[in-house]
Amino acid sequence: MEYRGYDSAGIAVERDRDLTVRKSAVRVGELRALTEGLEGAVVGIAHTRWATHGAATEANAHPHVDESGRIAVVHNGILENAEHLRAQLVEQGVVLASETDSEVLAHLIAAEVRQGRRLEDAVRESLRGVEGTYGIVVLDAQRPDELVAARNGSPIVLGLGEGEMFIASDVSALVLHTRQVVYLEDGEVATVRAGDYHTSTVDSRRTDRAPTTVDQSATDFELGGFSDYMDKEIQEQPEAVGRALLGRLDARLGTARLDGLGLDPRELRGIRRVKILGCGSAYYAGQLGAAMIEELARVPADAEPAAEFRYRNPVVDPDCLYIAVSQSGETFDTLATVEELRRKGARVAGAVNVVGSAIARECGSGVFLHAGPEISVASTKAFTNMTVSFAMLGLLLGRVRDLSATQGKRIVEGLQALPDRIAEVVEQRAAIAAVADRFADAEHMFYIGRVRGWPVAREGAQKLKEISYIHAEAYQASELKHGPLALIDPSMPSVVVVPDDELIGKNLSTIEQIKARGGPVIVVTNADLPCDLADAVIRVPRVEPELDPILLTIPMQLFAYHLARKLGRDIDKPRNLAKSVTVE
Ligand code: F6R
């Protein structure tokens with residue numbers, strides 16, 4: 001799972017009823033060198049860690065092993081009562097080897113095994129005393145014919161091979177070996193042997209999980225000729241958007257078909273509000289989407305970070321369509337929000353990329369994004385497909401209300417043209433790279449937008465900070481003079497988003513205000529503005545005004561990408577970040 005972002009890695013294999021453990025606080029590449037000589041092993045577990053409890057050191061890397069060196073455990077998630085469990089173990093005389101929450105699992109399971117329990121029962125028994133989230137795999141060196149996995153809040157998927165079996169936290173790790181997979185549900189335990197597997201609940205009830213076939217192949221996850229995944233995924237956007245639109249537009253009636261929502265026209269009309277919930281870039285995509293939905297359908301719509309929403313004990317509106325938006329479908333805060341909403345009887349649909357993921361399953365209905373596997377930590381094609389899906393939802397909701405057939409057809413045509421227009425922006429990458437090069441020594445940047453341009457500015461700032469580590473701050477253009485303008489000087493470049501809409505005059509005066517204070521300006525626009533208007537002008541083609549924000553986001557990706565590249569950053573795996581945030 002190297003691609004997800006990690007800070008240490010480790011592997012444990014069984015040989016002659018003994019565990020051999022190797023760890024690295026650097027990269028998987030280094031771990032590979034450390035595993036020389038272990039090739040004969042037939043069972044093992046490995047892990048890439050993203051530090052939560054304890055620094056990124058070898059001692060804290062997984063697998064964790066009990067004192068007798070018999071039981072090895074890898075764990076994703078966070079154990080909330082770890083401090084209490086660690087103290088109990090210390091009281092019992094156990095010497096803990098790491099600062100992690102995860103290590104306690106190895107000791108607890110080993111204690112149960114010593115009492116004669118089968119590994120599966122020992123895992124079950126131990127998990128009863130554990131609070132928090134986990135996706136674990138356990139290896140007992142004395143019983144090397146089986147592995148036990150369990151899930152609660154962190155994904156676990158079994159890969160069924162012929163005479164061989166796999167367990168992973170994401171199907172992308174499995175597709176090279178098999179496309180037959182079994183997704184564990186929360187509260188489930190699986191015992192896996194080379195030739196078979198069975199599943200049951202933590203409280204010992206048998207469950208029946210039929211395998212599903214993954215609709216992706218190993219090549220979808222490969223770099224091809226690209227130097228990194230972010231570049232590949234930016235360039236894949238025309239095709240990805242084409243897939244999102246496929247079979248979903250009705251040119252004759254000027255509307256969209258989103259059958260996965262499971263809502264008939266009467267139910268669609270009954271929706272009085274739309275609320276989109278997600279984290280990070282998915283939240284910004286939601287914000288961009290909410291604006292389009294409101295504009296196209298005249299239904300009040302907004303977006304909110306999922307965790308903020310669930311912690312403020314929100315008033316749940318029965319006439320609101322809640323939408324959980326997520327690339328991975330595994331983001332903990334978004335999933336927990338869906339669970340909370342469902343518990344309160346709300347109508348929740350998913351806008352999810354990964355089929356079979358926890359959020360997709362929990363929602364039960366929604367819109368799949370069809371962006372294809374997104375490997376780079378920084379989201380690009382999934383973000384774009386989120387916004388395209390929201391545009392289709394806005395169109396659909398609009399057409400059961402007051403959006404005329406003519407207007408609907410105009411939006412359908414705009415959506416159909418998007419893949420080609422995106423390709424035109426991607427083709428400008430050399431010119432955008434040249435602009436990025438000129439600003440590579442900036443320490444801070446502002447991203448300024450107004451109304452349609454505001455979510456674009458937020459996502460632009462997000463992309464820049466996460467992959468280039470340049471401090472970037474997004475502001476509404478109207479807010480500049482209420483404070484942030486004090487920071488403008490020649491060392492503070494501003495990226496200003498200028499859609500060609502009725503607010504263009506206001507945006508031009510914002511640019512003047514920044515220039516008057518000596519601030520360098522980079523304009524991203526689809527209007528015919530003169531090249532000498534600012535220090536740099538990046539132009540994108542026009543689509544339809546309502547859809548402009550989708551296209552205006554693409555140069556933001558390219559700008560951040562080339563700046564990060566110029567600075568020599570590890571683009572696909574930015575420091576401190578993980579692709580799938582399955583912890584709180
Ligand atoms: C930014 C980025 C993150 C994710 C966020 C939600 O480029 O990738 O901010 O957008 O962690 O992830 P998903 O969409 O998987 O729920």
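None of these values were measured; they are calculated from a predicted model. Start at 1 and go down the list; that is how both ligands and their atoms are numbered.
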Intermediate values then yes/no, side-chain hydrogen bond (donor to acceptor under 3.5 Å, both in side chains), S468 and K566: CA-CA 9 Å; S468 75; K566 171 88 178 165; over 6 Å; no

Distance under 4.0 Å to a non-hydrogen atom of [X]: what atoms of ligand 1 satisfy this?
{"X": "A378", "answer": "7 (O)"}
{"X": "Q462", "answer": "1 (C), 9 (O)"}
{"X": "A282", "answer": "10 (O), 14 (O)"}
{"X": "G280", "answer": "9 (O)"}

[X] heavy atom under 4.0 Å from ligand 1:
{"X": "C279", "value": "yes"}
{"X": "E330", "value": "no"}
{"X": "T334", "value": "no"}

Taking atom types as modelled and ignoring hydrogens, do the side chains of [X] and [Y] form a donor-acceptor contact shorter than 3.5 angstrom?
{"X": "H47", "Y": "N76", "answer": "yes"}
{"X": "Q237", "Y": "Q557", "answer": "yes"}
{"X": "D170", "Y": "S172", "answer": "yes"}
{"X": "R151", "Y": "Y183", "answer": "no"}
{"X": "D572", "Y": "S376", "answer": "yes"}
{"X": "Y322", "Y": "D317", "answer": "no"}

Shortest protein heavy-atom distance from [atom], along with the residue and atom involved:
{"atom": "atom 11 (O) of ligand 1", "result": "V581 CG2, 4.1 Å"}
{"atom": "atom 15 (O) of ligand 1", "result": "S328 OG, 2.6 Å"}
{"atom": "atom 14 (O) of ligand 1", "result": "Q327 N, 2.6 Å"}
{"atom": "atom 7 (O) of ligand 1", "result": "E466 OE2, 2.4 Å"}
{"atom": "atom 16 (O) of ligand 1", "result": "T331 OG1, 2.4 Å"}
{"atom": "atom 10 (O) of ligand 1", "result": "S281 N, 3.2 Å"}
{"atom": "atom 8 (O) of ligand 1", "result": "V377 O, 3.0 Å"}

Distance (rounded to the nearest 0.5 Å) between T525 OG1 and L552 CG: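 With rounding to 0.5 Å, OG1 (T525) is 7.0 Å from CG (L552).
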
Distance (rounded to the nearest 0.5 Å) between L258 CG and L395 CG: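 Nearest 0.5 Å value for the CG-CG distance: 8.5 Å.
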
